[in-house]
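What follows is a set of notes on a single structure, which appears directly below.
Residue numbering restarts at 1 for every chain, and letters A, B, ... go by the order of the sequence lines.
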Number of protein chains: 4
Amino acid sequence: MLPGKPKFRRRKEARPAEIVQAAMEVFAEKGFAAAKLEEIAARAGVSKGAVYLYFETKDDIFRAVVDTAIAPNLQVIRSMAAAHPGPFADLVRGIFGHMGGVLETTRVGGVAKMVIAEARNFPELARIWHDQLVAHALGAVTDAIANAQARGEVREGDPRLFAIELISPLLLSVLWRETFVPIGAPSFDIRQLAHQHAETMLRGMAKEAA
Amino acid sequence: MLPGKPKFRRRKEARPAEIVQAAMEVFAEKGFAAAKLEEIAARAGVSKGAVYLYFETKDDIFRAVVDTAIAPNLQVIRSMAAAHPGPFADLVRGIFGHMGGVLETTRVGGVAKMVIAEARNFPELARIWHDQLVAHALGAVTDAIANAQARGEVREGDPRLFAIELISPLLLSVLWRETFVPIGAPSFDIRQLAHQHAETMLRGMAKEAA
Amino acid sequence: MLPGKPKFRRRKEARPAEIVQAAMEVFAEKGFAAAKLEEIAARAGVSKGAVYLYFETKDDIFRAVVDTAIAPNLQVIRSMAAAHPGPFADLVRGIFGHMGGVLETTRVGGVAKMVIAEARNFPELARIWHDQLVAHALGAVTDAIANAQARGEVREGDPRLFAIELISPLLLSVLWRETFVPIGAPSFDIRQLAHQHAETMLRGMAKEAA
Amino acid sequence: MLPGKPKFRRRKEARPAEIVQAAMEVFAEKGFAAAKLEEIAARAGVSKGAVYLYFETKDDIFRAVVDTAIAPNLQVIRSMAAAHPGPFADLVRGIFGHMGGVLETTRVGGVAKMVIAEARNFPELARIWHDQLVAHALGAVTDAIANAQARGEVREGDPRLFAIELISPLLLSVLWRETFVPIGAPSFDIRQLAHQHAETMLRGMAKEAA
DNA sequence: AATGAATGAGAGTTCATTCAT
DNA sequence: GATGAATGAACTCTCATTCAT
């Protein structure tokens with residue numbers, strides 16, 4: 001039969017992931033409402049109709065994007081939780097060393113931006129992000145701090161607030177990259193920030209020398 | 001025949017501000033694209049058509065909202081810039097005391113969220129926010145830190161990164177309030193966070209005792 | 001009472017005519033639908049609301065404009081009808097001499113354009129123009145031709161078609177001026193055309209020399 | 001379950017022409033502004049949205065309509081230009097014989113009306129009509145007349161004005177049909193007019209017998 | 001009488017979703 | 001399964017008309 005069909009066609013099981021990947025890019029660039037299905041389909045290399053073979057609605061795709069972005073970050077959290085025992089300074093330096101790399105190489109920034117922007121329109125997603133990711137991470141860090149306080153390594157103070165103080169520059173970094181770098185504002189070195197902040201916080205939280 | 005209630009009232013001077021106010025709420029709740037003109041008009045207590053007496057397009061309203069939110073914050077920046085001379089600790093404690101109040105009482109959070117979400121679709125607005133607000137604030141704090149370093153009050157380290165470390169929990173607070181509080185996540189006391197963070201940073205940045 | 005009211009205010013009886021005049025210009029320029037009431041009011045030197053003191057609707061203004069344009073042209077027709085008796089050549093030369101001037105100095109062109117364009121949307125107006133103006137004029141000329149034929153001055157042929165042949169370059173002239181002159185197309189001298197056409201038609205309609 | 005009638009049918013290639021055809025009718029009837037997209041779509045047998053698969057804006061459709069109406073008439077002009085050589089009388093009789101038929105069977109009248117009505121709002125279209133159609137036709141006829149004058153077949157006189165005298169009853173015919181026939185005014189036979197006018201003009205332009 | 005701010009029906013346009021092919 | 005032409009609900013924006021002043 002003449003040329004015949006191509007021997008290798010893309011595995012159909014790969015499609016949903018490709019669509020989610022494409023959607024993540026478009027949503028991160030344009031926001032949920034301004035993202036057009038046609039563009040998502042085009043970037044995924046499929047037709048508009050094909051998207052509907054794998055997802056019911058545009059909302060669904062959005063949910064899948066946001067859900068998908070959780071998994072890789074769960075790892076980070078687990079490593080945090082696992083690190084409890086050692087001395088507090090090691091934990092902090094370890095986490096910041098690790099996180100700096102993760103934030104620079106993944107697209108968490110874009111997804112975080114979307115979650116923040118659409119939290120009111122997709123409250124389930126905000127809840128999922130909070131419950132599965134943010135609360136866990138914050139909780140793990142808070143616990144570690146509380147433990148360190150109990151061990152006398154960290155001065156008194158609300159451990160949850162300490163945790164927020166610790167984490168917030170990382171959030172600011174990724175949002176900055178999404179918001180101001182595209183318009184030509186100066187970027188800054190996330191790893192260096194992570195390093196410097198770890199030192200600052202360790203000193204700032206340290207039990208004052210008698 | 002009693003007068004009855006008039007179908008409408010002429011309020012030419014007050015309208016634009018009322019519309020901007022209403023728009024700020026709706027945009028903050030729904031995001032730019034999902035905000036419907038009809039709802040903005042309704043919340044402002046006018047008809048759809050009346051909005052177009054004062055603004056050319058929906059984009060225009062958005063711009064006005066974002067612009068409007070800058071003014072009240074400029075004050076804060078000026079107070080930062082003015083505060084240079086005194087000892088560094090006083091400056092930091094003063095700023096955080098002030099900012100905690102501003103963030104709790106104004107709607108900066110909602111506008112910041114919008115700027116982050118729509119930066120790619122409205123780059124001029126991101127630029128205005130960066131140039132008029134963020135860069136100024138960051139610059140003022142950076143300068144103060146550099147001065148303090150020169151005076152030997154603050155340890156070595158990149159002063160711009162120190163500035164980011166200082167400011168970031170405040171950003172996280174307002175975004176948290178916009179994102180996770182509406183879904184029932186626990187809030188936290190911004191003033192208390194500001195207070196604790198001021199102490200942490202002062203210790204963390206202090207010149208180490210020889 | 002301080003400055004007092006101006007001593008001379010425009011007579012209110014003059015208003016409707018001023019509005020009609022302004023409307024004629026705007027309608028001729030933009031067409032009925034694209035003409036904005038605000039512009040008509042502005043050109044008439046009154047407020048939008050004032051227009052509604054004299055006219056019920058935009059349609060009404062249009063009707064008034066088209067009606068108004070009939071009167072001055074009725075004169076022409078009467079002069080045609082009155083001229084019956086004399087020799088046919090005198091009649092034709094007289095009419096064309098007169099018409100050339102009228103067409104160059106009045107705005108019939110603009111109104112004719114409007115009647116043509118809006119005949120389907122305002123059939124009463126088309127009917128009024130037809131019955132009061134066009135049919136009269138055509139009838140008068142047709143009669144004069146029929147008479148001339150009866151007197152042996154004009155060759156055989158449908159007198160109504162002869163009338164159309166006579167009149168049509170005048171219509172073309174005014175429409176040309178409205179349509180193609182504004183875009184920079186070359187104009188042409190209507191008086192000269194009228195003169196030349198009168199001669200051509202007199203020769204062309206003449207009883208052939210035996 | 002019998003197949004039932006499909007909700008829609010795919011007719012990608014045929015659509016644009018069908019839409020232009022439908023639009024021509026609606027525009028000719030209502031004028032540009034009063035023509036509603038919904039009606040154009042309905043007459044073309046498609047939904048409102050489908051129109052936008054083929055045309056960007058309503059203006060675009062209008063342009064396509066006016067452009068489309070040029071092609072069939074170009075033929076006429078070419079035949080005019082080609083006919084130069086023979087005796088002038090043959091040329092004129094030939095053209096009028098041909099034109100009478102074209103005008104009666106095509107919708108040029110409606111389009112001409114639209115061009116006249118919207119010339120100020122769509123000057124490009126007026127220019128296209130002038131340059132591609134009107135100026136060509138007028139030029140061809142003017143040349144033929146000038147040649148005939150050179151050959152001594154036609155009396156002295158401005159050849160361009162002669163051309164206008166020749167053509168104008170045809171314009172009047174089509175506009176009459178668009179304007180006054182719909183309101184019940186008597187029509188007239190375009191072919192007969194063309195025939196009679198050809199004879200009148202030939203006599204009227206003839207070199208007077210010495 | 002006169003103004004022009006305010007109204008709201010209605011039009012053009014977009015785009016998620018469907019379905020004939 | 002895959003496509004993309006076709007749909008139609010929904011949204012922004014316009015402007016003739018109204019009415020408090």
Determine: side-chain N/O of D/Arg15 to OP1/OP2 of F/dA6, distance under 4.0 Å, yes or no.
yes
Checking contacts here: which listed nucleotide (F/dT12, F/dT17, F/dT3) is nearest the side-chain heavy atoms of A/Ser47?
F/dT3
Please tell me which of the listed nucleotides, F/dA9, E/dA6, E/dT17, lies nearest to the side chain of B/Ala50?
E/dA6
Between [X] (side chain only) and [Y] (backbone N and O only), is there a donor and an acceptor less than 3.5 Å apart?
X	Y	value
D/Trp129	D/Val66	yes
B/Lys58	B/Ala35	yes
A/Arg107	A/Glu25	no
B/Lys48	B/Ala41	no

Mind calculating the distance between [atom1] ([X]) and [atom2] ([N]) to the nearest angstrom?
X	N	atom1	atom2	result
A/Glu39	E/dT14	CD	C1'	15 Å
D/Ile19	F/dA6	CD1	C1'	11 Å
B/Tyr52	F/dC11	OH	P	13 Å
A/Glu18	F/dA2	CD	C1'	14 Å

Taking side chain as C-beta onward, heavy atoms only, is D/Ile116 less than 4.5 Å from C/Glu178?
no
D/Val51 side chain reached by D/Val46 side chain, heavy atoms, under 4.5 Å
yes
Might you work through the side chain to side chain contact (heavy atoms under 4.5 Å, CB included) test for C/Lys36 and C/Lys30, ending with a clear yes or no?
CA-CA 9 Å; C/Lys36 285 172 215 162; C/Lys30 308 280 171 64; over 6 Å; no
How bent is the helix from E/dA2-F/dT21 to E/dT21-F/dA2, measuring the angle between the end axes built from five pairs each, rounded to 10°?
10°
Give a yes or no on whether A/Glu56 atom CD has more than 12 heavy-atom contacts from other residues, nucleotides or ligands under 6.0 Å away.
no
Indicate, yes or no, whether a donor-acceptor pair under 3.5 Å links the base of E/dT3 to the side chain of C/Lys48.
no
Closest non-hydrogen atoms of C/His130 and D/Ile183, given as atom of the first, atom of the second and distance, are CB-CD1, 4.1 Å
Note: contacts of residues 53-65 of chain D with DNA chain E (heavy atom, under 4.0 Å) are D/Thr57, D/Lys58
When you measure from every atom of DNA chain E, which of residues 25-37 of chain D have a heavy atom less than 4.0 Å away?
D/Ala35, D/Lys36, D/Leu37
Would you mind checking if D/Arg15 and D/Glu18 are paired as a salt bridge, meaning a charged N to carboxylate O distance below 4.0 Å?
yes
Relative to each other, are the rings of D/Phe27 and D/Phe62 parallel, tilted or perpendicular (30° and 60° limits)?
perpendicular
